[in-house]
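First the structure, in the form of structure tokens, and then the observations on it.
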Amino acid sequence: MTKAEKKYLSKVANLGCIICYRLGYAGTIPEIHHARGIGLGMGVRSSHYDTLPLCPEHHRGNTGYHGMGRKAFERQYEVTEQQLLEQVKEMLNDEENQSS
Ligand SMILES: [Zn+2]
Ligand SMILES: [Zn+2]
């Protein structure tokens, strides 16, 4: 992992769980979920830039991405993994615009 990637991941983690955020509980300590296979061939590990902050429950729990599987997860929260990735990138952009 490069320095820039590490910095990006720590910024993603600082956002808190993206699903909790959408549900109105901001600031839950997240784990980093690597989105796979979006815009890539099957089985190709995605880049560190295609990552989502998800709390342990929304990541691995019964109501989480890996607990439910991607399709059920997307139905449950009415959002696709791709849309979540875009939301994370927008939130990081906003942060940068505010601090400069
Ligand atoms: Zn969460
Ligand atoms: Zn994951």
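Not measured: the values here are computed from a predicted model. Numbering of ligands and ligand atoms starts at 1, following listing order.
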Margin query: For a distance under 2.8 Å, tell me if His58 has an N/O/S atom near the Zn ion (ligand 1).
Written below: yes
Checklist line | Backbone or side-chain N/O/S of His34 under 2.8 Å of the Zn ion (ligand 2) | finding: no
Next item on the list: Would you give the length of the straight line joining atom CD1 of Ile18 to atom CD of Glu81, rounded to the nearest 0.5 angstrom?
Entry: 12.5 Å
Next item on the list: Could you please compute the angle at the Zn ion (ligand 1) from SG of Cys17 to SG of Cys20, rounded to 10°?
Entry: 110°
Next item on the list: Output the distance between atom CD (Gln83) and atom CZ (Arg22), rounded to the nearest 0.5 Å.
Entry: 7.0 Å
Next item on the list: Mind checking the CD1-CG spacing from Ile19 to Leu84? Nearest 0.5 Å is all I need.
Entry: 5.0 Å
Next item on the list: With the Zn ion (ligand 2) as the reference point, give the N/O/S atom of His66 that is nearest.
Entry: NE2
Check: Mind checking whether His33 and Tyr65 have side chains closer than 4.5 Å, heavy atoms only?
Finding: yes
Next item on the list: Check whether any side-chain heavy atom of Tyr77 sits under 4.5 Å from a side-chain heavy atom of Leu23, and report yes or no.
Entry: yes
Note to self: Restricting to N, O or S atoms, which atom of His33 is closest to the Zn ion (ligand 2)?
What the structure shows: ND1
